[in-house]
Amino acid sequence: MTELIWDGKYDDAGRKVAPLRVALPFQTVETVNESAQQRQLSLERYTTGRDREWRNRLIWGDKKYVLPSLLQEFAGQVDLIYIDPPFDTGADFSYEVEIDGQDFVKEPGLIELKAYRDTWGHGLDSYCPWFYETCVLLKEFLAPRGSIFVHLDWHAGHYAKVVLDEVFGRDNFLNEIVWWYYNKFQGNVNHFPSNHDTIFWYRAGKEFRYAPQTEERDSPVRQIRRAWDKQKKAVVNVKGEDGKVLYQESTTRGVDDVWRLSMLQPADETENVRFPTQKPETILQRVIATASEEDNLVLDCFVGSGTTVVAAEKTKRRWIGCDIGRFAIHTTRKRLLDLPGATPFVVQNLGKYERQHWQVAEFGEAAEAKQAAYRALILDLYHATPMTGYAWLHGTKGGRMVHVGSVDAPVSQGDVSQIASEFKRSIGSGKSAPKTNGVDVLGWDFAFEMNETAKQMAAAAGVDVKWYRIPHDVMDKRARDQGDVRFFELAALSVDSKVAKRKLTLALTDFVIPPDDVPEDVQRAITKWEQWIDYWAVDWDNKGDTFHNQWQDYRTRKKRDLQKSASHEYDAPGEYTVVVKVIDILGNDTTKTLTVKVG
């Protein structure tokens, strides 16, 4: 069989090199659309060890870790896979930000740039092995009657077809579908304009789901189309001048392998969310209707703007959507929240488990040596000088002390207490002693209350604490070598609360984003603090298990104003933990925890 060959496809013994298969546990960071009754049942199932009820899943993470982790549970169980992988268009990971009617293109973040480099860094020489490894893993997900649709364009479609033949088998190739977007308007080019994409359809085995589709027939007789709209009949009588029926003409036709479906237009405020790679729902509706049934499981590991999972939700399919882009996950969540009666779903990531795997792979198994090497790397990337003799203070920079948080757990109030205590003992005790009262705390994750309660606690101890997030890119050697790693200070959220008997009212009063994380053109357009916020949600009774989205408000193309207050009436008096989550216009999240007593 003819195949594509690239460096590293085979090992020295002539065996194909398998994709990375590190299975890691998922962490649920948010539950959406779950009622109080469903939440209680879920808690009971969890504490008793019983199987949980199915929840659709929206996962933020790199597919090279996400797919092997999902395989443990879903090998051979997915009925339909649709993927729309990066096209090498230059816009695969960018998105538009709108502020008071002005549009800004947000360039890819470092995580997305890493994904782009991994995929297209060496052109087709890197794309082909990347695509091959993806397909090998996806094949193992397919149920016996399942199938996969792969959406591509001219950049790599012909090479991808050869890879797909190799992985899924030429005999399992069903269709090359041409999506002709007849309403795409292009400027002058010195060749025929490109007005179509290609979708390859492969089955898992000889038995597969196929439901033929119909569409309105093209016809020069416009009366037929109007008659169809009015009568909803399958045929139209075509009459002569004397009024006699000459023949009957069908108003529908069977769908073939050329799909005449329009592109999304900028003026479409119903569906278009301004995600550069967004595909119209009509494509996914047809794919899902053709190759799946109600309650079947649909998987998309390049979820992008969320069109696949939105179409699956509307047609009562179960779904799993994954993406490496944080903004893609945020965009998809908003689209799902816009659907009336959408079923509950969870937002997940691999969190500390991905970092633990990286730490062992990078620095080895030995605990002390591993920890020391990890801290040395983080301090070097932060441009800090290492110091010894302390348990909680690990370096200095610009007269301030530096603490490096663990990969295993978020920085907590307890950590801050230990940092402050050791800081006070260290004053004046040697050449490494701090020259100011400042400590920079670097962490992968931070407990909910860190920006408020812990900062107040540190201030009471006479310590000026600043929080900096350790970026995901420290795990990418190429990003480190190229100097792409940057540490950003956490945003600060202010919320007022008022209680009247059993009613709690929350009001957002301020939101500050450190300017280093914001493009200059966006900074210049911001005149009010609320313009930073794209979405906010409240968990009125947090149980410490996960953030439950029980109320939310967000901006859409039609609704640009954001509600800044929200109220909730409790069923019973008592003390409640309330968590507020804000997503800014760049897709980053900030949380604040409050404890309230209602009577």
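Residue numbers count from 1 along this sequence. These numbers come from a predicted model, not from an experiment.
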Quick test of your reading of the model: are K279 and E271 salt-bridged, counting only N-O distances below 4.0 Å? no
Under the side chain to side chain contact (heavy atoms under 4.5 Å, CB included) criterion, do K63 and F302 qualify, and how do the steps go? CA-CA 8 Å; K63 67 166 182 60; F302 302 95; 3.7 Å; yes
So Y210 and F208, would you call those rings parallel, tilted or perpendicular, with 30° and 60° as cut-offs? tilted
Do R286 and Q213 get their side chains close enough for a donor-acceptor pair, meaning under 3.5 Å? no
Any idea how W201 and F149 line up, ring-wise: parallel (<30°), tilted (30 to 60°), or perpendicular (>60°)? parallel
Out of E30, R333, K581, which one pairs with N549 under the side-chain hydrogen bond (donor to acceptor under 3.5 Å, both in side chains) rule? E30
Ignoring hydrogens and geometry beyond distance, is a side-chain donor-acceptor pair present between R335 and T307 at under 3.5 Å? yes
What class does the angle between the rings of H151 and W179 fall in, given that below 30° is parallel, 30 to 60° is tilted and above 60° is perpendicular? perpendicular
So, are D338 and K334 salt-bridged, with charged N and O less than 4.0 Å apart? no
Using the ring centroid of each side chain, check whether Y181 and H196 are separated by less than 6.0 Å. no
Nearest-0.5 Å distance that lies between atom CG in L297 and atom OG in S292: 10.0 Å
May I ask you to check whether F487 and Y382 place their ring centres under 6.0 Å from each other? yes
Considering the options R145, R209, R317, which one meets the salt bridge (Lys or Arg N to Asp or Glu O under 4.0 Å) requirement together with D79? R209
Under the side chain to side chain contact (heavy atoms under 4.5 Å, CB included) rule, what do Y132 and K16 come out as? Steps first, then yes or no, please. CA-CA 11 Å; Y132 170 78; K16 287 183 179 178; 3.3 Å; yes
Going by an N to O cut-off under 4.0 Å, is there a salt bridge joining E281 and K314? yes
Can a salt bridge be assigned to the pair E313 and R318 using a cut-off of 4.0 Å between side-chain N and carboxylate O? no
NZ/NE/NH1/NH2 to OD/OE distance under 4.0 Å, K161 and D165: yes
With side chain to side chain contact (heavy atoms under 4.5 Å, CB included) as the test, would you mind laying out the steps for H357 and Y65 before giving the verdict? CA-CA 10 Å; H357 168 73; Y65 295 115; 3.6 Å; yes
Identify whether NZ of Lys or CZ of Arg in R203 sits under 6.0 Å from the centre of the six-membered ring of F173 and within 45° of that ring's axis. no
Go through the steps for I288 and L80 under the test side chain to side chain contact (heavy atoms under 4.5 Å, CB included), then give the verdict. CA-CA 8 Å; I288 289 171; L80 171 62; 3.9 Å; yes
For residues T343 and N56, is any side-chain donor paired with an opposing acceptor at under 3.5 Å? yes
Less than 6.0 Å separating the ring centroids of F131 and Y159? no
Do R469's NZ or CZ and the ring of W444 fall within the cation-pi criteria of under 6.0 Å and 45°? no
Could you tell me whether F363 and W358 have their ring centroids closer than 6.0 angstrom? yes
